[in-house]
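Worksheet for the structure shown next.
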Number of protein chains: 2
Amino acid sequence: MQAPTEDLSTEEKIKEAARKIFLQKGFAGTKIRDIAEEANINIALMNYYFRSKEKLFEAIFQEALYELLGKTLQILNDTNLSFEGKIRAVVANDMAVMRKNPLLPSFVFAEIHTHVEKIVKDFPQIIDTNNLHFAQQHAEGVQLGKYRNIHIDHIFSMMMGMSIQPFLEKPFWEVQYAGQDAEKLFEEFIANHEKIVVEMLLGYLIIK
Amino acid sequence: MQAPTEDLSTEEKIKEAARKIFLQKGFAGTKIRDIAEEANINIALMNYYFRSKEKLFEAIFQEALYELLGKTLQILNDTNLSFEGKIRAVVANDMAVMRKNPLLPSFVFAEIHTHVEKIVKDFPQIIDTNNLHFAQQHAEGVQLGKYRNIHIDHIFSMMMGMSIQPFLEKPFWEVQYAGQDAEKLFEEFIANHEKIVVEMLLGYLIIK
DNA sequence: TTTTGATTTAAACAAATGTTTAAATCAAAA
DNA sequence: TTTTGATTTAAACATTTGTTTAAATCAAAA
């Protein structure tokens, strides 16, 4: 039935299963026996390949974090993109990532408290937002009277918040449109949402 | 040292402790012995008063949900408030609630998956957004060319998302401003954020 | 074919976790 | 004072859970 997993290496099978369960249930809610069952392997193999539940979780969490934030930070530092171009690209990228994996934001933000220090070590830019090329472009634009003068962190919060929220609310969506083609409707909603978010952000930030 | 808890009834002491731990660690991450220790009571008393960990959690979760959404829905149905007034009031209320309890949004959205059906039963309006007075006002305004014609759910997602996001990111904030008066700085940020969010929403939604 | 090392398995282990028990304590009514 | 029922306690219970073990299996090198 699910042939594709058959030819994966044991390590990959474990990772894939762990990712699925961890994202659904979080670290504390995940039992290693659930992962083992999902991956069709013996429990002992988990420790053979990853030493402990915690180590396995860290591997999964780090990948999830990169998936959610890695490309975003890259875009925000891309010197070939304009201020406006970066906003469009970040929102488009975030939406694309979460479309592929709707559980990503709630998983990351639920587990974040237990891992802040480590995340900051891996992604110092998360804290050092002022050093991003995006922030410099914004500051220059403000000087020229092109962009509204607000702290860059407000922009991040608004941009991320508006992009993420529909995925946090997705469970309700699925109840509301159960029976109908909820997935397709959600997909359409997200496509619209992306346009609106960008339009709203640019409309507010760029002074005409 | 923490005298105030002394004169609470046992049931209240348990609830207060449970609330604190559940909000920090979620359902699966919470051990009833942690709650008992926090409340300074015998473990057996938990089951004496609440029958089970799950029942206790449900009591806490429902209160948290009411805290986060109850007033919001009330405002959105308040026929004495204008469309614009509702937006101002909702954002102000959400910010006030989360200022008092910054863990509320991440807790609720992390545990939401396991409780969607129950939530929808308690808050049918969450799904039935079109029947809110707010939605009717919006629809009328659209007809008159006063308000931008987008689906009401986009407005909710944007409004909630922008309000919630700073609190989801708060752990980073605390690392960034550790040592300095992080709480005070965050408080200032939130005050600014509230103004910006309202200004941006109204600027986008109201056609001049 | 034999040997070697990596991989996989079943079983067991110790610790933890939610729950229950039966007895002890307490406070108010009789 | 005695009695009654509610409250609290220490201890025990049965499961669950992450981890380890020692043996079995496998595949490739000698």
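Here the structure is a predicted model, which is why all the values come from computation and not from measurement. We name chains A, B, ... by the order of the sequence lines, and we start the count at 1 in each one.
Cation-pi check for A/Lys53 over A/Phe27 is met; the charged atom lies under 6.0 angstrom from the ring centroid and within 45 degrees of its normal.
For the pair B/Lys15 and B/Glu11, the salt-bridge criterion is not met [side-chain N within less than 4.0 Å of a carboxylate O]. Ion pairing between a basic and an acidic side chain is recognised when a charged N comes within 4.0 Å of a carboxylate O; A/Lys100 and A/Glu67 show no such pairing. The residues B/Glu199 and A/Arg148 are annotated as salt-bridged, a charged nitrogen and a carboxylate oxygen being separated by less than 4.0 angstrom. Salt bridge A/Glu58/A/Lys118: present, at least one basic N to carboxylate O contact under 4.0 Å. A salt bridge links B/Arg88 to B/Glu84: one of the charged nitrogens lies within less than 4.0 Å of a carboxylate oxygen. With respect to A/Lys20 and A/Glu16, no salt bridge is recorded, no charged nitrogen being found less than 4.0 Å from a carboxylate O.
Helical stems in DNA chain D, defined as runs of 3 or more consecutive Watson-Crick or G-U wobble pairs with both donor-acceptor distances under 3.5 Å, are listed by first residue as C:1-30 with D:1-30.
Contacts of residues 50-61 of chain B with DNA chain C (heavy atom under 4.0 Å): B/Ser52, B/Lys53. Of the residues in residues 27-37 of chain A, those with a non-hydrogen atom less than 4.0 angstrom from any atom of DNA chain D are A/Thr30, A/Lys31, A/Ile32, A/Arg33.
Residues A/Glu169 and A/Gln165 bring a donor and an acceptor atom of their side chains to less than 3.5 Å of each other. For B/Asn47 and B/Ser52, the side-chain atoms include no donor-acceptor pair closer than 3.5 Å.
Look at CG on A/Asn47: it is 5 Å from P on D/dT19, rounded to the nearest Å.
Counting heavy atoms of neighbouring residues, nucleotides and ligands inside a 6.0 Å radius, atom CD of B/Glu188 exceeds 12 of them. Atom CD of A/Gln180 has more than 12 heavy atoms from other residues, nucleotides or ligands within 6.0 Å.
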Which pairs, protein N/O on one side and nucleotides 25-28 of chain C N/O on the other, fall under 3.5 Å?
none

Nucleotide N/O to protein N/O under 3.5 Å, stretch nucleotides 6-10 of chain D:
| from | atom 1 | to | atom 2 | distance (Å) |
| --- | --- | --- | --- | --- |
| D/dT7 | OP2 | B/Tyr48 | OH | 2.9 |
| D/dT8 | OP1 | B/Thr10 | OG1 | 2.8 |
| D/dT8 | OP2 | B/Thr10 | OG1 | 3.2 |
| D/dT8 | OP2 | B/Tyr49 | OH | 2.8 |
| D/dA10 | N7 | B/Asn42 | ND2 | 3.2 |

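Using a 30° and 60° split on the angle between ring planes, A/Tyr177 and A/Trp173 fall in the tilted class, from 30° to 60°.
Between the side chain of A/Asn77 and the main chain of A/His133, a donor-acceptor pair closer than 3.5 Å is present. The backbone N or O of A/Asp153 sits nowhere less than 3.5 Å from a side-chain atom of B/His193 that would complete a donor-acceptor pair.
Residues meeting the ring pair (Phe, Tyr, Trp, His ring centres under 6.0 Å) test with B/Phe109, sequence neighbours left out: none.
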